[in-house]
A.B. asks: 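Take a look at this one; I'll ask things after.
If you read the sequence from its start, that first residue is 1, and numbering goes on from there.
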Amino acid sequence: MRPAPLRRTAQEMHADRQAAARRIQAALHIAVVTLAWLVSVPFLVGWGVLGTQREDGVLLFAALLAVVLPFTGAAIATRNGLYFTGGCFAVLTLAMVVPAISVVQAG
């Protein structure tokens with residue numbers, strides 16, 4: 001015997017398309033946050049350390065961004081149902097606490 005074919009309603013197909021579009025938009029937001037993190041933190045640390053004057057405020061801001069931006073990515077991912085990505089960003093947030101503290105103490 002062959003199994004009966006599954007029939008999906010138009011509402012279910014529409015809900016699937018909306019969920020896929022929401023996940024794609026969340027992935028794009030996460031990519032923007034990640035790129036901002038990858039560019040801004042090393043730039044600010046370099047500016048704070050190698051600038052004409054050592055600026056502790058810049059290093060403090062870099063340390064803050066090093067922790068806050070991965071947390072923002074985790075919040076965006078988990079809010080939109082991307083739980084594995086959110087978990088990875090949560091681990092990254094926890095991993096960035098130690099370098100952030102050392103950057104602040106070095107300044």
A.B. asks: Is it the case that one hydrophobic cluster holds both Leu65 and Leu35, taking links as side-chain heavy atoms less than 4.5 Å apart, direct or via other members?
C.D. replies: no

A.B. asks: In terms of hydrophobic clustering (I, L, V, M, F, W, Y; side-chain heavy atoms under 4.5 Å; direct or indirect links), are Val45 and Trp47 co-clustered?
C.D. replies: yes

A.B. asks: What are the two closest heavy atoms between Val58 and Leu44, and how far apart are they?
C.D. replies: CG1-O, 3.2 Å

A.B. asks: Is Phe89 close to Val33 at the side-chain level, that is, under 4.5 Å between some pair of heavy atoms?
C.D. replies: no

A.B. asks: Flag the pair Leu82 / Ile30 as yes when at least one side-chain heavy-atom distance between them is below 4.5 Å, and no otherwise.
C.D. replies: yes

A.B. asks: Can you list, pair by pair, the side-chain donor-acceptor contacts under 3.5 Å of residues 66-78, counting residues two or more places apart and other chains?
C.D. replies:
{"unit_1": "Thr72", "atom_1": "OG1", "unit_2": "Val68", "atom_2": "O", "d": "2.8"}
{"unit_1": "Thr78", "atom_1": "OG1", "unit_2": "Ala74", "atom_2": "O", "d": "2.9"}
{"unit_1": "Thr78", "atom_1": "OG1", "unit_2": "Ala75", "atom_2": "O", "d": "3.4"}

A.B. asks: Considering all heavy atoms of both residues, which atom of Ala63 and which atom of Val104 are nearest to each other, and what is their separation?
C.D. replies: CB-CG2, 3.4 Å

A.B. asks: Does the side chain of His14 reach to within under 4.5 Å of the side chain of Gln18, using non-hydrogen atoms?
C.D. replies: yes

A.B. asks: Write down the atom of Arg7, the atom of Glu12, and the distance for their closest heavy-atom approach.
C.D. replies: O-OE1, 4.5 Å

